[in-house]
Amino acid sequence: MNAAKRPNRWFRNLSAKVASIPMILTALVVFVGGTAWTVFYSFTGSRLLPKVKFVGFDQYERLWSTRRWMISIENLAVYGICSLILTMVLGFTLAALLDRKIRFENTFRTIFLYPFALSFVVTGLAWQWILNPDFGLQGVVRRWGWEGFNFDPLNNPDLVIYGLLIAGMWQGTGLVMVIMLAGLRGIDEDIWKATRVDGIGLVKTYVQVIVPMMRPVFVTALVIISSGIIKLYDLVVAQTNGGPGISSEVPAKYVIDYMFKAQNLGQGFAASTMMLVSVIIILVPWAYLEFGGKKHG
Amino acid sequence: MKCKTKLLSAAAIICASSAGAADLEVTHWWTSGGEAAAVSEFAKAFTEKTDHNWVDGAIAGSGGTARPIIISRIIGGDPMAATQLNHGRQSEELIEAGLMTDLTEIAEAGGWKDLVNPSALLDACTFEGRIYCVPVNIHSAQWLWLSHDAFAKAGVAVPQDWHEFVAAAPALEKAGLVPLAMGQQGWQQNIAFGTLTIAIAGIDDWREVSVNKNADVAAGGSYTAVFEAAASARELARDSNVQDWNLATNMVISGKAGGQIMGDWAQGEFQVAGQVAGDDYTCLPGLGINQILDTGGDAFYFPKVDDPAVQAAQLELATLLISPEVQVAFNLAKGSLPVRGDIDMSSANSCMQKGLQILADGGVLPSNDMNLSADTTTQVEDLMAEFWASDLSAADAQARYVDIIARAD
């Protein structure tokens with residue numbers, strides 16, 4: 001191809017580039033700019049209003065010596081790992097079952113997806129009532145006659161995070177199921193025929209053939225679930241408000257509480273910077289594996 | 001200027017009617033039965049006595065929920081016309097940033113300096129010699145509310161102080177009652193702890209720790225006794241699993257719990273329930289141990305706005321809130337004490353009379369809102385929330401408390 005004929009690469013697809021300017025500006029100013037601003041002020045002693053009064057790493061030292069922050073991190077880890085694994089497994093299983101050309105598939109799909117239409121606040125309140133020992137599940141079962149039935153996770157500091165997990169999964173699994181179902185529907189019918197001809201068992205086909213083919217779908221679901229986990233806040237506020245005591249606190253709530261309730265912006269910024277760092281720690285190796293690997297071969 | 005001079009005089013209403021009626025959005029977090037009854041007294045007086053309208057901006061949840069909303073609206077450039085805040089250190093930086101209306105002139109014209117009793121209330125509104133808020137009531141946190149019904153069921157006499165209460169607790173438990181009602185929120189548990197501190201560690205040690213932030217005293221023996229008392233109070237409250245303070249008060253009202261440590265705003269709930277002080281319930285200021293109350297309170301701030309009609313209405317509201325009739329009506333409904341020493345509170349019930357007597361005798365302490373920054377208070381509340389909900393030992397809790405006090409500013 002003649003080099004002179006080729007238009008300047010800056011002007012190729014000009015209209016598309018012009019159209020994306022607002023998005024680029026938003027990303028730079030709002031996201032990158034806002035992030036830089038937050039990180040900058042996390043090194044200051046800002047209280048109610050941002051002030052440039054540097055205190056070095058004081059805010060971070062205090063953060064990591066605060067018990068509430070440590071509990072928040074632990075809770076997020078437990079919630080995150082459990083909900084990541086369980087929603088993926090459950091979502092895929094449900095999708096695979098629905099994909100077996102069952103009757104009333106639409107009805108089931110609607111039932112499973114419906115919780116996702118509710119906000120986390122509604123979900124949290126609903127599950128707060130369901131798990132209420134007097135009026136909810138425990139009360140109902142006891143009234144049926146099982147007097148000794150005990151299921152009261154929200155008032156037990158060791159179990160409360162699993163109470164949140166139940167509500168979170170109830171809300172999120174439907175969405176993952178739908179994404180997986182879309183992925184399954186994209187699998188060519190010939191593949192199924194081929195495995196049947198080769199006499200490969202159903203489970204083996206799923207695990208060894210279908211799942212690897214659905215890799216992009218899994219990545220999409222993973223990103224959606226993970227971003228939901230990191231920003232976990234409204235569910236906790238609605239369902240337990242961090243209680244009992246501080247046993248169901250999460251990092252995002254720490255940030256909000258210290259920025260506004262405690263009127264200590266510096267501390268809140270330090271905490272949100274740590275949240276960013278943790279996201280980057282997870283994101284960078286993943287992005288390297290996902291995109292960097294291909295370049296080299 | 002002419003308008004302003006008139007405003008300062010008693011003829012505020014005439015001037016305002018020329019400026020036209022304004023809608024004044026007022027935000028507050030008074031949403032329980034007794035509180036709502038009290039704030040409607042303000043709204044009624046404002047709507048009846050001026051041409052302006054009171055637009056109620058109640059924010060559900062406690063102050064901890066409402067304050068961030070209020071403050072972010074002010075900082076974000078969408079201020080309401082007036083707002084409740086606990087005066088003291090919460091609003092320091094807002095005033096510093098010039099976001100609040102200066103009320104010094106109407107305060108001087110109204111002679112607030114001589115009226116407001118104790119004077120510490122007005123001092124908490126004052127920043128660099130200028131006055132920025134109207135105190136509307138005095139809140140003391142150091143009260144123990146006791147249900148006569150519960151003690152009758154348990155077959156023991158109504159206790160006269162904290163020690164008798166602890167001694168009576170086993171009888172209450174035997175009768176299937178919860179000895180101590182406690183809402184599971186950090187600020188309520190912190191109030192109970194603070195009340196125990198003043199009663200058990202004594203006023204001098206309390207002052208040394210809370211006002212002077214002396215961590216050595218906080219680590220000392222008197223505070224060890226306080227944490228041990230708190231640990232035993234925690235056992236008494238084991239079976240109370242309500243969240244909000246008014247639900248805990250309701251346990252006392254309905255005779256399901258023996259008592260509750262809560263501020264004098266609980267009085268409003270008893271009133272709404274139609275109970276009579278002395279007959280149906282007993283109140284013990286300072287846990288019946290020392291006759292002293294802290295004088296926290298609620299105050300109204302007026303964020304700066306551009307509309308001159310609203311500005312005029314703001315000053316009118318400020319004058320109205322501290323006027324004698326409004327003070328009496330509001331505080332009778334709320335169960336809190338008036339900020340003026342010169343008004344007739346003879347229609348107040350026996351609990352409020354106790355409070356008024358303590359106030360008249362000068363048994364007052366500055367409240368934690370005035371002593372500690374919101375940052376320190378939040379850390380203490382986090383500690384208390386954890387302490388009351390877990391098996392954290394008294395010694396460990398004290399060690400962490402000392403740490404917070406040592407870093408307090």
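Chain letters run A, B, ... following the sequence lines, proteins first and then strands; every chain starts at 1. What you are looking at is a predicted structure, and each value in this text was computed from that prediction instead of being measured.
Between the CG atom of A:L48 and the CD atom of B:E92 there is a distance of 10.0 Å, given to the nearest 0.5 Å. With values rounded to the nearest 0.5 angstrom, B:E381 atom CD is found 12.5 Å from A:I246 atom CD1. To the nearest 0.5 angstrom, B:N241 atom CG is 6.0 Å from A:D134 atom CG.
Between A:F260 and B:I71 there is no side-chain heavy-atom pair separated by less than 4.5 Å. Looking only at side-chain heavy atoms (C-beta outward), A:P244 and B:Q184 stay at 4.5 Å or farther from each other.
Neither the backbone nor the side chain of B:T65 comes within contact range of chain A, judged by heavy atoms closer than 4.5 Å. Proximity to chain A is limited to the side chain of B:E96, based on heavy atoms less than 4.5 angstrom apart. Looking at B:Q243, there are no atoms closer than 4.5 Å to chain A (heavy atoms on both sides), in backbone or side chain. Interface remark: B:L392 contributes no atoms to any contact with chain A (heavy atom separation under 4.5 Å).
By the 6.0 Å contact criterion, CG on B:D306 is open, its count of non-hydrogen atoms from other residues, nucleotides or ligands being 12 or less. Summarising the local packing, OH of A:Y114 is surrounded by 12 or fewer heavy atoms from other residues, nucleotides or ligands at distances under 6.0 Å. Counted within 6.0 Å of NZ on A:K261, heavy atoms from surrounding residues, nucleotides or ligands total more than 12; the atom is thus considered enclosed. A 6.0 Å sphere centred on CH2 of A:W146 holds no more than 12 heavy atoms belonging to other residues, nucleotides or ligands.
Although no hydrogens or angles enter the test, the distance criterion places a donor-acceptor pair under 3.5 Å between the side chain of B:E93 and the main chain of A:L49.
Within residues 56-76 of chain A, the residues that have a heavy atom under 4.5 Å from a heavy atom of chain B are A:R62, A:R67, A:R68, A:I71, listed by number.
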Trace of the side chain to side chain contact (heavy atoms under 4.5 Å, CB included) decision for A:Q263 with B:S373: CA-CA 8 Å; A:Q263 304 182 353; B:S373 66; over 6 Å; no
Audit row: A:Q267, B:D375, side chain to side chain contact (heavy atoms under 4.5 Å, CB included) steps and yes/no: CA-CA 9 Å; A:Q267 183 68 20; B:D375 187 27; 5.6 Å; no
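Shortest non-hydrogen contact noted between A:P157 and B:A389 is CG-O, 3.9 Å.
Between the side chains of A:Y258 and B:D382, at least one donor N or O sits under 3.5 Å from an acceptor N or O.
In this structure, A:D234 has no side-chain hydrogen bond (donor to acceptor under 3.5 Å, both in side chains) partners at least two apart in sequence or on a different chain.
Listed options B:Q189, B:R67, B:Q379, B:Q185 were ranked by heavy-atom pairs under 4.5 angstrom with chain A; first place goes to B:Q379.
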